[in-house]
Amino acid sequence: MKLHIKGFLLTRLHQLGGMRDQALIELTLQAYSLQGRYAINSLHVALDELSAAGLVVRNEPQLITETVGDILPREALSFYYQLTPFGLTRMEDTGLLAKDGTAMEEYCA
Amino acid sequence: MQAPPYTARLQSTLHRHYARNQRWGFMWALWTAILWGAWYVPGTALWFESPYVDIPQDQQSLRLAATAVMTWVHALAVFVFLLLWNGVLGKVGDYARTMVRFRRISKWYALASLCGGPMAIFGSYMAMGYVGPVFAAVTSLFYPVIGAVVARLWYREKISTRAALGMVIIMMGGLVIYGPGLFGEVGGDNSHAWLGYLGGIMSALGWGMEGAVAARAMDVTDPDVGIHCRFSFEILFWGILILPALALFTSLPIGELLLTTVQNPKAMVWIVLASACHAYCYTAFYKSFSLIGVGRGEAIGNLYAVFALLFIAAFTLQMPPWYFLVGLILTVAGSFVMFGESAETVAQLRDNPAGEHA
């Protein structure tokens with residue numbers, strides 16, 4: 001079975017060392033066959049929740065023009081997300097990260 | 001860490017972003033209070049329907065058994081409403097993916113359901129039964145303190161002086177509303193009163209710890225999914241463990257109570273209405289935790305004390321006593337004190353050495 005979505009976000013951040021939100025969201029949309037503004041906004045909310053909880057930090061804020069399908073482009077904030085030491089600890093606590101430092105795969109038993 | 005010099009436009013957009021998250025967090029917490037308050041109307045009305053109305057006041061064990069039956073049917077209906085919610089939001093798949101990770105993730109929701117269900121609800125009914133309903137309401141008001149302390153000790157949730165002050169003012173408001181009613185209840189000639197006091201402690205501890213325990217799993221999962229997991233476990237606890245144990249090892253008429261409840265359309269209407277309130281109240285509760293933290297979410301949730309009296313007044317046309325206004329002013333003032341915190345402070349809820357460029 002696939003990982004739950006927040007678990008996927010965290011493990012990808014761990015594997016790639018950090019990521020800008022557009023790339024991370026694009027990766028997640030593809031992995032879960034999601035599309036549209038609602039899905040993108042939900043993933044932004046998930047990243048905000050992870051930041052508020054202190055599992056990830058958002059750095060390098062930028063103003064970008066976001067385009068989704070044929071919906072009018074809009075100005076949006078973009079961040080570069082990275083895991084924090086607390087995030088790594090919480091990933092270990094919840095089994096998303098093994099003791100040897102390897103993150104769970106997208107599909108796991 | 002020193003923030004780089006951002007343009008004024010970027011700085012103001014960042015502030016708006018954090019302010020919007022903070023506003024959503026407080027809005028979810030306020031919805032918790034409104035729906036929790038509304039829940040008291042169908043929740044109380046249910047006791048006036050068969051089979052519950054036929055149970056004499058002095059038959060405490062039968063009343064507690066009836067409460068267990070009522071809570072289980074109620075939890076089943078809450079589950080259906082949450083299924084509808086997550087179905088519409090497209091999160092049913094994520095619910096399944098979260099539930100199956102029991103050993104490391106969803107077990108925390110199971111523990112949260114034990115704290116909020118059997119421990120807090122049962123404790124609250126013990127407090128009601130052995131001391132009185134006002135005492136039960138007052139002890140429940142203290143649950144945000146437990147939640148904030150546990151969250152602070154367990155995962156360093158930040159509680160600013162302003163947030164703590166707001167929390168204290170809200171609790172004082174609740175005490176003003178319910179406190180005067182205590183004089184008639186506490187200290188009476190009741191040899192079993194200690195059971196009521198124990199129940200009061202259980203309810204404050206149970207609801208306070210529920211938030212902190214659930215937040216541990218919610219760190220890595222979705223709050224809408226989390227609350228669905230929590231109620232799935234509550235259904236299992238009541239339906240597989242507690243009710244069968246009561247039916248097997250006591251002479252309490254569990255089966256009969258269950259059958260009479262589901263066969264009475266009026267009782268079921270109240271249960272469905274109460275469940276709708278409770279399902280979305282809890283959803284809002286869990287969503288607020290992830291945006292403004294357990295301490296703040298639970299403190300604003302405490303405004304249920306005000307909304308419960310307002311809803312009851314609206315449905316019974318009985319005006320609350322004059323001191324309700326004082327309590328109302330205090331609780332609203334406390335909420336504004338909390339909401340006045342800077343959005344940037346609330347944007348990062350935990351003490352984190354790897355600070356953000358916010």
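First the proteins, then the strands, lettered A, B, ... as listed; each starts at 1.
Applying the salt bridge (charged side-chain N to carboxylate O under 4.0 Å, His left out) criterion to A:R90, with sequence neighbours excluded, gives A:D93, B:D219. Judged as a salt bridge (charged side-chain N to carboxylate O under 4.0 Å, His left out), and not counting sequence neighbours, B:R103 has no contacts.
In this structure, OG on B:S290 lies 5.5 Å from NZ on A:K6, to the nearest 0.5 angstrom. Between atom CD1 of residue A:I5 and atom OG1 of residue B:T98 there is a gap of 9.0 Å, rounded to the nearest 0.5 Å. Atoms CG and CZ, on A:D48 and B:R20 in that order, are 8.0 Å from each other to the nearest 0.5 Å. For the atom pair B:K287 NZ and A:E49 CD, the distance stands at 7.0 Å (nearest 0.5 Å).
Comparing B:I292, B:D222, B:T221 by heavy-atom pairs within less than 4.5 Å of chain A, the highest count is held by B:T221. Of the listed residues (B:P223, B:G25, B:A215, B:G293), the one with the most heavy-atom contacts under 4.5 Å to chain A is B:P223.
Looking at A:L10, only its side chain comes within 4.5 Å of chain B, counting heavy atoms on both sides. Contact of A:E75 with chain B is made through the side chain alone, with heavy-atom distances under 4.5 Å.
B:R104 places a side-chain N or O within donor-acceptor distance of the main-chain N or O of A:E92, the cut-off being under 3.5 Å.
At a heavy-atom separation below 4.5 angstrom, chain A is approached by no residue within residues 224-236 of chain B. Contacts between residues 82-96 of chain B and chain A, defined by a heavy-atom separation under 4.5 Å, are made by B:L89, B:K91, B:D94, B:A96.
Between B:V220 and A:L50, the closest side-chain pair of non-hydrogen atoms is not below 4.5 Å. Counting heavy atoms from C-beta outward, A:F8 and B:R97 have side chains that stay 4.5 Å or more apart. Looking at A:L3 and B:R101, their side chains come closer than 4.5 Å, going by heavy atoms from C-beta outward.
Counting non-hydrogen atoms of other residues, nucleotides and ligands closer than 6.0 Å to CE of A:M91 gives a total above 12.
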